[in-house]
Each structure stands twice: as C-alpha cells, then as structure tokens.
Amino acid sequence: MSSFAVLKDRVVLRRDILASLVVFLVALPLCVGVAVASGVPAELGLVTGIVGGLLVGCLPGSSLQVSGPAAGLTVLVYEAVKEFGLGTLGAIVLVSGLLQLALGAFGFGRWFRAISVAVVQGMLAGIGLVLVLGQVYAMADTAQPSGGLGKLGGLLELAVAVITDGSALTPFLIGAGTIAVLVLWPRFPARVRVVPGPLAAVALATGAVLLLDLSVAKVEVRGLLESVRPPGLDDFGQLGTVAAIGTVLAFTLIASAESLFSAAAVDRMHDGPRTDYNKELMAQGIGNTVCGALGALPMTAVIVRSAANVQAGARTPLSRILHGLWLLLFAALLPAAIGVIPLAALAGVLVHAGCKLVPVRELAPLWREHRGEAVILVVTALAILVTNLFEGVVLGLLLAVVKTAWEISHLHVDVRELTGGRMVVTITGNATFLRLPRTMEQLEELPKDRPIELDLSGLRHVDHACRIALENWALRHNDRDTEPVTMRPPMVGNGQKSNGG
C-alpha cells in the first residue's frame with residue numbers, strides 16, 4: 001500500500017507502533033464487554049477485533065479508522081442469539097457481510113451518507129437506552145426482563161434488590177465504581193491518562209475484587225479455538241424466515257451506516273487521505289464475511305477506537321493492523337487474564353458507553369433549530385425501546401421521508417379579483433397529496449357565481465391525486481349559469497403540468 005511508504009521515517013514508525021498499543025488497550029475491555037453483553041463467549045469479541053485489525057486493517061477505504069465489535073450492535077446481537085441461537089448468528093453475519101460487499105461493489109457506499117442524521121442519532125440513542133437498561137441489571141448480577149418496557153418497569157424492583165440484598169449490592173457497587181472512574185478519568189493529569197479510561201476502570205475494579213476477595217461473577221474463559229464455531233448448513237437453513245431476513249437487513253443497514261458515519265467523522269480529525277466510501281463498505285463486508293464464517297460477532301468501524309488511533313498520532317494503517325496482532329497475542333498467550341475480570345465492571349463500561357450514545361446535550365439546540373429532526377430522533381429512539389431495533393429504524397426512515405416530502409411540497413394559493421368580477425386563482429409550488437386537503441378547502445370557499453381562471457403555470461410538479469382533484473373542481477365548481485372555470489395551462493395525463501400555453 002502506498003500509505004506505508006512513510007514508514008521509512010522512523011518517527012512515523014514509532015508513532016504508529018505507540019498508537020497501536022493505545023488502540024489495543026482501548027479495544028481489549030470493549031471487545032470482551034460487548035461479547036459478554038451480547039450473550040456470547042468473551043473470546044468471540046476478541047476474534048472480531050483481531051479480524052478487524054489484521055484483515056480489514058490491510059484493506060483500502062479509510063486508512064485510520066479501526067474496526068471491531070461495537071456497542072451499537074449489542075442489542076441486536078443479543079436478540080438474534082436469543083431467537084436463533086449462536087450458530088445462526090454466524091450465518092446472519094456472513095450473509096450481511098456478503099450484502100455489504102455487493103453494495104460496495106455496485107457503488108452504494110456513498111448513498112449511506114444520505115441517510116437522515118436524525119435517524120442515525122435516534123438509532124444510536126435507542127440502542128444506548130436499551131443497552132443501559134440491560135446492563136444495569138448485569139451490574140447487579142440480576143436477570144434482566146425481556147423487552148425495553150419490561151426493563152424500564154423492573155427498575156424499582158431492581159433498586160429494592162440492590163438495597164436489601166448484599167449479593168446484588170456488591171457487584172452493583174463495583175459497576176458503579178467503574179462508571180465513576182470513566183466519568184472522572186478525563187479530569188486526571190495527562191501523565192495518568194496515558195492509560196485509556198476503559199482499561200484503567202476495569203483494571204481497578206478487577207484489582208479491588210482480588211484484593212478484597214469479593215464473591216462476584218467473573219468472565220467465563222473457554223479458549224480462543226474452543227469458542228470459534230463456524231455455522232453449519234442447518235444454521236443457514238434458518239435464514240429463510242421473515243424474522244431472520246429482517247435481522248440480516250438490520251445488521252447490514254446499521255453496520256454499514258455506523259461504519260461510514262464513523263469514516264466521515266474520522267476524516268474530519270486528520271489531514272491524511274480521505275475515505276473511499278465504496279471501498280470502505282467492501283472492506284467491512286469482507287471483514288463481516290470472515291467473522292460470520294468463524295461464528296464471531298459482527299464488526300463495524302468504531303468511533304471510540306478510531307478517535308483514539310488518530311489522537312495517539314497514527315499516520316498509516318499499520319497502527320490498526322498491529323492492534324489486531326496485539327489482541328491475537330493476548331488471546332493466545334494470556335487467556336486466563338480474561339477470567340479474573342468481574343462482569344459488573346464490564347457492565348459498567350457498557351452503561352457508560354450506552355449513555356454516550358444518547359445525545360442529551362445536542363437535543364435542546366436541535367429542537368430550537370430543527371424541530372422536525374428532533375422529533376424524528378426522539379420517536380426513533382423510543383420506538384426502538386418499545387419495539388425492536390429494526391422496526392424502530394424503519395419507522396424513523398419513514399418519518400424522515402414524510403418530513404422531507406412535506407417540506408418540499410410547499411403550495412401557495414393566491415386569489416386576485418379583476419375588473420368586471422373575473423377572478424384569477426394562481427397556484428405555485430409543488431402540488432402533492434400532502435397539501436391537497438388544505439388547497440381544496442381554499443378553492444371550495446371561492447364564489448360559484450363568478451368567472452374564475454385557474455393559473456397553474458407556476459406549478460413545478462403536480463401529482464396524480466392533485467391533477468384529478470383540480471380537474472374535478474374546475475368542472476363542477478361554478479353554477480350552471482356561470483362561465484366554467486378555465487385552467488391555464490391545461491393538465492396533461494402524466495400528472496405534470498404542460499409546458500404550452
């Protein structure tokens with residue numbers, strides 16, 4: 001790759017190696033935490049991180065963003081494993097990867113940038129809400145109710161259990177302490193912040209558990225090779241159901257959108273080569289195809305790891321490739337180290353990550369400046385919480401389309417009275433069915449005993465419903481003894497105004 005040519009510079013090489021270590025330390029607790037929260041072996045999160053580094057890191061697209069398992073897909077993965085099983089998860093991820101590869105090959109990568117930002121923010125906010133609600137129960141080592149509303153309704157019972165039951169209070173305090181470290185970490189001196197916040201928080205929680213000999217649930221270790229389970233023919237056979245197809249589409253849409261939005265954000269952080277969106281989408285597709293073949297978690301480009309990579313001074317893809325190598329060496333040489341991590345600490349990391357997905361600070365300015373966008377964001381998030389991720393995103397997309405259609409269908413009706421009693425009604429703008437009820441009310445209020453000329457020359461577009469309605473109104477509005485309504489120019493059969501006079 002041409003971008004590696006700068007590695008002849010020892011300064012660049014050293015900065016890339018140091019950046020890879022920073023990204024590795026950020027990625028390690030997140031890979032394990034996302035896997036545990038998704039209901040799969042912890043090692044599968046590391047497998048996805050390894051593939052994201054060693055494979056996707058070598059592919060063209062975005063040179064500095066880092067791929068791996070993402071908190072944004074945790075809820076969807078958990079529901080997929082719960083409904084279809086761990087084996088079918090691999091099949092779903094593999095097919096989603098092939099779809100991403102096809103979309104990138106046919107040039108659809110840039111079209112993902114056209115998805116409403118409000119829908120994406122609402123999607124992430126909804127995921128964040130569900131993630132927080134689920135992981136709060138995991139912090140207390142308590143079974144979580146099903147569904148977003150069930151989790152919300154069980155919070156009071158959870159609070160009582162934490163207060164009255166020591167077996168729930170101990171892990172909850174560990175999780176709360178982890179969150180406190182993450183919140184306060186940016187305020188520590190720079191020399192302390194050399195260690196990434198998630199790693200420091202998990203390390204401190206693990207140390208406290210070992211030092212105080214606390215009895216809390218820890219991550220179960222199975223070994224890297226033992227956890228890898230490629231999907232079989234039976235697993236692919238389950239993909240024929242409507243629910244499975246919907247899950248595949250949801251994986252494809254969300255993983256692609258999150259990766260490409262992340263690429264756009266990373267491009268704003270550095271002055272290096274810009275992202276080729278189609279190649280990046282294909283790279284993500286190849287990565288997910290391999291992850292699916294290994295039965296691992298789906299991957300996306302992750303903004304937290306990508307930002308850490310840029311901020312650590314990375315200049316070439318070498319940093320993200322090496323981070324995958326460090327993950328592989330850790331999983332192969334120190335697997336037992338994962339087994340001492342308390343689950344409550346990982347739950348705390350994910351609660352913190354989920355809270356950051358909810359754009360609380362941006363909501364008020366968005367409401368003041370773009371109220372419709374704020375409504376789409378909130379409705380999408382709440383729909384995900386009440387129903388599920390796929391249905392919530394579809395509802396958000398439909399709302400965005402309706403909002404756009406409403407905004408572009410501006411229609412103005414102007415009535416002028418000429419000498420002799422003749423009236424000229426001028427309609428300008430876009431005549432669509434969305435504005436039809438109000439327009440017809442205005443026309444029907446006109447007197448029926450006066451000559452009327454309907455001037456449509458200012459219309460840029462007339463849809464079929466409006467054409468039929470205007471023609472019927474012109475034929476029937478005036479009384480029998482009054483000159484019929486005239487239309488200028490006359491309507492044509494394809495739903496558009498004619499260009500002639």
Side-chain angles (χ1 to χ4, degrees), residues 1-4 23 48-49 51-73 76 93-124 127 248-292 298-310 314-321 323-324 357 373 393 396-397 400-401 404:
M1 293 175 63
S2 59
S3 57
F4 285 120
V23 177
T48 300
V51 173
L54 295 181
L55 176 60
V56 178
C58 296
L59 299 175
S62 176
S63 60
L64 296 181
Q65 78 169 350
V66 182
S67 300
L73 286 174
L76 188 57
V93 174
L94 190 152
V95 174
S96 297
L98 292 176
L99 283 177
Q100 286 181 301
L101 189 57
L103 289 171
F106 285 104
F108 282 91
R110 61 191 180 94
W111 287 105
F112 278 90
R113 301 175 69 189
I115 297 176
S116 167
V117 175
V119 174
V120 175
Q121 288 181 321
M123 173 193 75
L124 294 176
I127 291 170
V248 168
L249 294 177
F251 269 69
T252 304
L253 172 65
I254 295 167
S256 301
E258 188 170 345
S259 294
L260 298 185
F261 270 94
S262 172
V266 172
D267 279 351
R268 292 193 292 269
M269 297 178 184
H270 67 90
D271 55 2
R274 303 294 92 179
T275 297
D276 184 316
Y277 287 90
N278 290 321
K279 289 182 179 179
E280 179 62 22
L281 185 56
M282 293 178 68
Q284 295 295 323
I286 292 171
N288 273 317
T289 301
V290 172
C291 286
M299 76 165 53
T300 72
V302 190
I303 189 62
V304 174
R305 275 159 264 186
S306 302
N309 190 38
V310 175
R315 295 286 302 278
T316 76
L318 179 65
S319 59
R320 59 182 188 170
I321 296 172
H323 116 275
L357 291 175
E373 296 292 303
V393 171
L397 290 173
V401 171
T404 302

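In what follows, residues are counted from 1 in the order of the sequence shown.
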Trainee: For residues Met299 and Cys291, report the shortest heavy-atom separation together with the two atoms involved.
Mentor: CE-SG, 3.6 Å
Trainee: Looking at Gln65 and Ala301, would you say the former's side chain and the latter's main chain have a donor-acceptor pair under 3.5 Å?
Mentor: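 Pair absent, no side-chain N/O of Gln65 close to backbone of Ala301.
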Trainee: For Ser67, what residues pass the side chain to side chain donor-acceptor pair (under 3.5 Å) criterion, not counting sequence neighbours?
Mentor: Gln284
Trainee: Kindly give the heavy-atom pair with the smallest separation between Ser306 and Val266, and that separation in Å.
Mentor: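 For Ser306 versus Val266, the nearest heavy atoms are CB-CG2, 3.6 Å.
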Trainee: Out of curiosity, Phe251 CZ to Leu76 CG, how far, rounded to the nearest 0.5 Å?
Mentor: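 Those atoms lie 4.0 Å apart.
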Trainee: When you measure from the side chain of Thr300 to the backbone N and O of Ala70, does any donor-acceptor pair fall under 3.5 Å?
Mentor: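 Answer holds: no.
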Trainee: For the pair Ser63 (side chain) and Pro317 (backbone), establish whether a donor and an acceptor sit closer than 3.5 Å, ignoring hydrogens and angles.
Mentor: no
Trainee: Work out which heavy atom in Leu55 is nearest to a heavy atom in Gly287; give both atom names and the distance.
Mentor: CD2-CA, 4.4 Å
Trainee: For a 4.5 angstrom cut-off between non-hydrogen side-chain atoms, does Ile286 reach Val56?
Mentor: no
Trainee: Nearest 0.5 Å please: distance from the CG atom of Leu281 over to the CG atom of Leu103.
Mentor: 6.0 Å
Trainee: Grab the two heavy atoms, one from Pro69 and one from Gly49, that are nearest each other, plus how far apart they are.
Mentor: CD-N, 3.7 Å
Trainee: Distance from Leu101 atom CG to Ser96 atom OG, nearest 0.5 Å?
Mentor: 12.5 Å
Trainee: Considering non-hydrogen atoms only, spot the tightest contact between Ala255 and Leu73 and give its length.
Mentor: CB-CD1, 4.3 Å
Trainee: Side-chain contact, heavy-atom cut-off 4.5 Å: Leu249 with Leu253?
Mentor: no
Trainee: Once you round to the nearest 0.5 Å, how far does OG of Ser256 lie from CG of Leu99?
Mentor: 8.5 Å
Trainee: Roughly how far, to the nearest 0.5 Å, is the CD atom of Gln100 from the CZ atom of Phe108?
Mentor: 14.0 Å
Trainee: Which residues pass the side chain to side chain donor-acceptor pair (under 3.5 Å) test with Glu258, not counting sequence neighbours?
Mentor: none
Trainee: What residues, two or more places apart in sequence or in another chain, satisfy side chain to side chain donor-acceptor pair (under 3.5 Å) together with Asp267?
Mentor: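 With sequence neighbours excluded, Asp267 shows a side chain to side chain donor-acceptor pair (under 3.5 Å) to Thr275, given in chain and number order.
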Trainee: Considering all heavy atoms of both residues, which atom of Ala263 and which atom of Tyr277 are nearest to each other, and what is their separation?
Mentor: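 Smallest interatomic distance, heavy atoms only, reads CB-CE2, 4.2 Å.
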Trainee: Main chain of Pro298, side chain of Thr48: is a donor-acceptor contact present, judged purely on distance under 3.5 Å?
Mentor: no
Trainee: Between Arg320 and Gly57 (side chain of the first, backbone of the second, donor and acceptor by atom type, cut-off under 3.5 Å), is there such a pair?
Mentor: yes
Trainee: Is there a donor-acceptor pair closer than 3.5 Å between any side-chain N or O of Asn288 and the backbone N or O of Val93?
Mentor: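 It does not hold such a pair.
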Trainee: Working to the nearest 0.5 Å, report the span between OG1 of Thr289 and CG of Leu98.
Mentor: 4.0 Å
